[in-house]
Structure formats: C-alpha cells, structure tokens
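All remarks here apply to the structure that follows.
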Number of protein chains: 2
Amino acid sequence: MERTIVDYQEGSVQEKLQKILGDVEEDGGTCPIRNILVRFSDKWSTLSIFHLGDAGTLRFNELKKRVDGISQRMLTVTLRNLERDGIVTRRVYPEIPPRVEYQLTDLGRSLLVQIIELGDWASNHSNQIIEARSRFDAREGRVIDSVSLN
Amino acid sequence: MERTIVDYQEGSVQEKLQKILGDVEEDGGTCPIRNILVRFSDKWSTLSIFHLGDAGTLRFNELKKRVDGISQRMLTVTLRNLERDGIVTRRVYPEIPPRVEYQLTDLGRSLLVQIIELGDWASNHSNQIIEARSRFDAREGRVIDSVSLN
DNA sequence: CTGTATCCTTTAAGATACTG
DNA sequence: CAGTATCTTAAAGGATACAG
C-alpha cells in the first residue's frame, strides 16, 4: 500500500492532485487533509519523526539531545500531538527514575517514507533554491524573508 | 540499536534518511534543508502550489478565489516567498487594469510531485488518524489540540 | 528522568483602508 | 486588478521554576 516509493513516480499524479484538491477545498479549512498537512509539516514534528525513524526507540532525553535546539516544552508538545495522531507510541516504565520510550507506529513509518522523500527533494534542490533567493534579493534590493511585508 | 526502518525499505530510503539527518543537524537550525522543509510545509504555500499545478497559469485574484479562506495579504506574502525561492514565476502585463500571472517553474513542478504524494498519504490515512485522535481523547479525557499545554 | 505550570516575547496572520 | 500599509489579535514558542 504505502511501501511503493517507486510507483508513485509514474502513476496518476494528476488524479491524485484532483482528489486532494477536492478534499482540501470542500469544506474550507476544517477538512482533515488540510489539518494533517499542517500538523506534519511543522519543523519539530518532522525532525522528531526523522530521528525516531533512524534510531528505532528513544527515551525522552535521548530524543531531546538529537533534535538540536528543541526545548523541553516543545518536545513534550510535539510528542503528545504525534501520539494523539497515532504516529508514535509512548511507553512508560514504572521505575525510579522514570523511563519513557517513544517509537514510530506503522502509520508513523509510512509517513516517514513520505517526508524522507520531501527531505531528499530539499536536499537535492537546495542549491537551486539558494541561487534563486540570491537572484531575487539582488533584483529586489531588499529581503522579504519570512513573512511580514511591512 | 534497532533499525525499524529496514522493514519496509527497498531502495535507499535508509541512505536518504542518513543524508538528511546529517545535513539537518549539522548546523543546528540554519541549514537550508530545515529552512526549506519549513517553508514548503506551510498551509498557504502548499495550497497555492496545488492550485497552480492544477490550473497551470492563474492571475492573482483567480488564485485567491481558489485558495479558500486566504487573505489578500497572505496570498501576496506566500507568492513573494515562492517567487523568491524559484517555485513560481510572476509575470506582470503593463495594462490597465494590471494583469499579473503566476505559474509554477520546473523546480516548482518537481516540488509539486512531492507534496502531492504527501497529500495523497494524508488523504489515504485520514481515517486512521481521526480514529487515533478519538481513542487518545477518550483515554485522556481532554483535548490537547494544537499546542499550548497550559 | 520526564514531565507541568507560568510567564513573557516574538511571530503569524486577519481586517481594514488606501494606491497606482 | 493587484497590490501596500497599518493596526490589532491570536498563536507559537522560549525560559524558568517546580513536581512526581
């Protein structure tokens, strides 16, 4: 079902797009597809999924060490949301000091495949993007970095 | 350390992940891969790319009509950023009233393929995710919806 | 060790009014 | 038509202190 990294290159990309657009715009903002895309596109979720996919099982602080720059609060929030969505499992061992282990579910691993492809794309095209940014900034003479157009 | 990813791996998914992790954590936060993942994962960018991919060429207000709920300001900001990154082209026709047409670049179309796959994944797994959320919320007795853990 | 709770600052983004 | 500019609110996220 989702293991085919190969055949989504040639399949019916067009049909998939039509289907997504139908789902995504049908109820303006509340649809699950939008919701899911937004959720899985945040920085900390992506990085956490990468690291759990790489390591298999990680304790809270092990994961925290790997996800460079994440605060304790954001790791907690991120993991709760991923757990809620069925992407990771959380196992608590009643020891002192407590041990809590996280790992990807099957669903999480199938998502991982998708975001690896996206990350791979980013990796392979980063030079093109950086060059495009330079050209644009040279043309415009100013930087429109992230958002505010003020 | 176990490698659960091996289970479904056929090509070089594992290698891709290693490469991404190397890139992504090497300079903690400023690397282009992180930057790019964050940029292309925001809601309005994704939806704009979908619609431009579907329609081919769209004027500002045509696109605005299709991307349900987007404000004028956010469409402007989104399109500027996509233009800057080399994902869309912006062509201005010196007419009155002005006409401005947007379309995906080759780079943009190659990105489109990736996010279609992600959208397709979301579409195919939305039921699983919704069910997981219900189970979690029933277990926890409260909703941890988006972020604040207060 | 694995969190929670609070406070506080920054950023995102909607609404509205105005312009070439 | 296709934006800009400005104002304001909402949300994200960091820092710190504390708890089981």
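Below, chains carry the letters A, B, ... as their sequence lines are ordered, and counting in each starts from 1.
Contact annotation: the side chain of A:V100 never approaches that of A:R91 to less than 4.5 Å [non-hydrogen atoms, C-beta and beyond]. Annotation: side chain of A:L58 is not in contact with side chain of A:Q103 (no heavy-atom distance under 4.5 Å). Side-chain contact between B:L79 and B:F60 is present, with heavy atoms from C-beta onward closer than 4.5 Å.
Atom CD of A:E101 and atom P of C:dT2 are 9 Å apart (whole Å). Separating the CZ atom of B:R99 from the C1' atom of D:dA2 is a distance of 13 Å, rounded to the nearest angstrom. Regarding A:E95, its CD atom lies at a distance of 10 Å from the P atom of C:dT2, rounded to whole Å. Atom pair A:R90:CZ and C:dC1:C1' shows a separation of 12 Å (rounding to whole Å applied). For the pair B:N61 CG and D:dC1 P, the interatomic distance rounds to 6 Å; values are reported in whole Å. Look at CG on B:D42: it is 13 Å from P on D:dA12, rounded to the nearest Å. Taking atom CG of B:N81 as the reference point, atom P of C:dA13 lies 11 Å away to the nearest angstrom. Atom pair A:R80:CZ and C:dG3:C1' shows a separation of 7 Å (rounding to whole Å applied).
Counting non-hydrogen atoms under 4.0 angstrom, B:Y102 reaches the backbone sugars and phosphates but no base.
In this structure, A:E62 places its CD atom where more than 12 heavy-atom neighbours from other residues, nucleotides or ligands lie under 6.0 Å away.
Scored by the side chain to side chain donor-acceptor pair (under 3.5 Å) test, B:S110 finds A:W121 as partners (sequence neighbours excluded). Taking the side chain to side chain contact (heavy atoms under 4.5 Å, CB included) definition, one finds that B:D54 meets it with A:Q14, A:L17, A:Q18, A:L21, B:R66, sequence neighbours left out. Under the ring pair (Phe, Tyr, Trp, His ring centres under 6.0 Å) criterion, B:H51 pairs with no residue at all, not counting sequence neighbours.
Expressed to the nearest 0.5 Å, how far CD1 of A:I20 lies from OG of B:S123 amounts to 6.5 Å.
Direction of the helix axis in the helix from C:dC1-D:dG20 to C:dG20-D:dC1 shifts by 50° between the two five-pair termini, rounded to 10°.
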Could you write out each protein N or O paired with an N or O of nucleotides 14-20 of chain C at a distance under 3.5 Å?
{"from": "C:dG14", "atom 1": "OP2", "to": "B:S71", "atom 2": "OG", "distance (Å)": "3.3"}

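Under the salt bridge (Lys or Arg N to Asp or Glu O under 4.0 Å) criterion, the residue pairs touching residues 101-115 of chain B are B:R99-B:E101, B:D106-B:R109, with sequence neighbours excluded.
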